[in-house]
Amino acid sequence: MKRNNHIIFIYLHLVNLKKFKTMKKFLILCAAVGLFSCADNTPEPAPVYPIPAQKQVEWQKMETYAFIHFGLNTFNDMEWGFGDTDPKTFNPTHLDARQWARTLVAAGMKGVIITAKHHDGFCLWPTTLTDYNITHSSYNGDVVGELASACREYGLKFGVYLSPWDRNRADYGSASYVEYYHAQLKDLLTRYGDIFEIWFDGANGGDGYYGGAVEHRSIDRRNYYDFPRAWATVEELQPNAICFSDAGPGCRWVGNEDGKAGTTNWSFLRAAEVYPGYPNIDELNVGHPDGDAWLPAECDVSIRPGWFYHESEDDEVKTADYLVDLYYQSVGRNGNLLLNFPVNKEGLISKTDSINAVTFHQRIMQELSHNLLLGAKVEASDKRGRRFAATLANDGDFDTYWATPDDVITGSLTFTFNQPQSVTRLLLQEYIPLGQRVKSFNVEYQHEGNWQSLTLDEETTTIGYKRILRFPEVTTSAIRVNFTDARGPLCISEVAAY
Ligand code: FUL
């Protein structure tokens, strides 16, 4: 595109100057400009499938975003309300969604997902589809709408959690509930502007109030909710939104609620096998290496032991140190971190939660702020062409990358510093728009004239969108990354050291 603009500019310029009279001369000039700027026409490597949709790449770049669990449970010291709690007990005294948004921005969160409806069925927005909603509570407002507008004000992306399981509805388990659920989804997707993610939870605990029946109900997790229809609705009404569930189709659950991805973490699953409520959760932690659907891992975890607020947990807020570790175990292992904030009975994010989260963010910024490899001398074992030169692996730009020739799936990058540097972190990124490729790698550093292996306490298998390694400080004049196996030619967007 840039080259075309260039040619048009020259053409107009020449026409103005009336120096060239014939079209023929113009065409000769075009050919010359084309030849000059296309000197390297090496094709980009072919994709290695599966590959992400553009919106999945954008989602992955968010890296950290927040969950808000808030509802009747908050006021009744519960995690899973039975579905019969009086709506009047929902009574926040100082609710301020703008305070949440400000706190989350300061904590480095790029978006927020709110429990619009949790398993108890209570809706935090003024929906006409059920009476069990906020208009019958002691609060006069629309919590979902207030958060959506605070997000717009503070530049956060906005998302919703709509529990498929509903312990309040009399018709839960029958076909009419499914219609209700799909209507709720439409309602939420059309009221609040752009939505970046929708959470389809896998939990279906069985017993509930169910309109007074008070019994156990089980459903066929795989088929009951007609999830493909829900995903089609999202595609139609919010085409940029990512659908979360155990099986995606936008992103997948990481298989635990501790916020930790596997050290090996493939961004794909075998789509036909997995469904929301899938029992083999260990597989979700590492992905399926032979998967056919791009389904990157999302690592959800609460800053407190519970998802909802409990006064008894006021002294159990995760520390900034703990959150820093979590960051390396999620974002540092090719996952996104979804950190939950249990909004309290006042309707605010509590002070300790806020301080710890903001301190966590500042620590990460500090640890990863000064990339020692930016502009360092770099040499590659293999060359594909100027468009994919080794220097593109340490230019600070994710969208440019070093690539190897078509038949080369191993190789190394050697970075040399002007003078010895102390290093404790190494960050690697693959150019995932063309697929996730690296299966194993290792890192060496120069020590007294020899290459020495870097001592790491975790396996170095996959990289994906981002892998960050932490290790005891080494002082060195050069670092070498050896990519020892891959699913195709290497495409390395970035290597950074701190
Ligand atoms: C789980 C739910 O059962 C929890 O209450 C919470 O919402 C968590 C994020 O997902 O499946």
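Each ligand, and each atom within it, is numbered from 1 in the order the structure gives.
- Looking at every heavy atom in both residues, Gly250 comes nearest to Pro296 through O-CD, 3.5 Å.
- Taking the six-membered ring where the residue is Trp, Phe268 and Trp294 present tilted rings, their angle falling between 30° and 60°.
- Between Tyr161 and His119, the angle of the ring planes lies from 30° to 60°, which puts this pair in the tilted group.
- In this structure, Phe75 and Phe70 have tilted ring planes: the angle between them lies in the 30° to 60° band.
- Applying the side-chain hydrogen bond (donor to acceptor under 3.5 Å, both in side chains) test between Thr263 and each of Arg333, Glu458, Glu459 identifies Glu459 as the sole match.
- Relative orientation of the Trp402 and Phe483 rings is tilted, given thresholds of 30° and 60° on the angle between their planes.
- When heavy-atom distances to ligand 1 are checked against 4.0 Å, the residues falling inside are Phe67, His69, Trp80, His118, His119, Tyr161, Trp199, Asp201, Ala203, Glu257, Asp300, Trp307, ordered by chain and number.
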